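Computed from a predicted model, the values in this text were never measured in an experiment. Numbers here are sequence positions counted from 1.
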Amino acid sequence: MQLESCANSHVIAYPSNLEKVIKLIVEAKKIYPYRLHGMILSHILGAPYEYYPYHHKLKRVHETIKELNPKTIMQTQQEIFRRTLINVL
């Protein structure tokens, strides 16, 4: 995993796999995701985050997910996946 130090002891990480990404997010004091999926993953994992509003979709998604319990998001996603598989098979 590649790490870069920044001012005020912040770290920019370039993890090589999903397990490392999850570990970094869960152990971090705060996440500053630049992209939408980083914000969603931070919320689902229960990590405190502040997003960089480079696009209006981040604000819209943040306003939606901040009201949702991360477990509810995962259960809903699993149910959608299950229904999709049933319809395909």
(request) Please report the shortest heavy-atom distance between Ile31 and Ile25, naming the atom on each side. (result) CD1-CA, 3.8 Å

Show the atom names and distances, to 0.1 Å, of all donor-acceptor pairs under 3.5 Å that link a side chain in residues 35-42 to residues at least two apart or in another chain.
from: Ser42; atom 1: OG; to: Gly38; atom 2: O; distance (Å): 2.8

(message) Please check if the number of heavy atoms outside Lys30 that lie under 6.0 Å from its NZ is greater than 12.
(response) yes

(request) Specify the closest pair of heavy atoms between Arg60 and His56, including all atoms of both residues, with the distance to one decimal. (result) NH1-CD2, 2.7 Å

(message) Using every non-hydrogen atom in the two residues, find where Tyr34 and Tyr52 come nearest and quote the distance to one decimal.
(response) CE1-CD2, 3.1 Å

(request) Identify whether the distance between the nearest side-chain nitrogen and carboxylate oxygen of Arg82 and Glu79 falls below 4.0 Å. (result) yes

(message) Is a donor from one side chain sitting under 3.5 angstrom from an acceptor on the other, for Tyr51 and His43?
(response) no

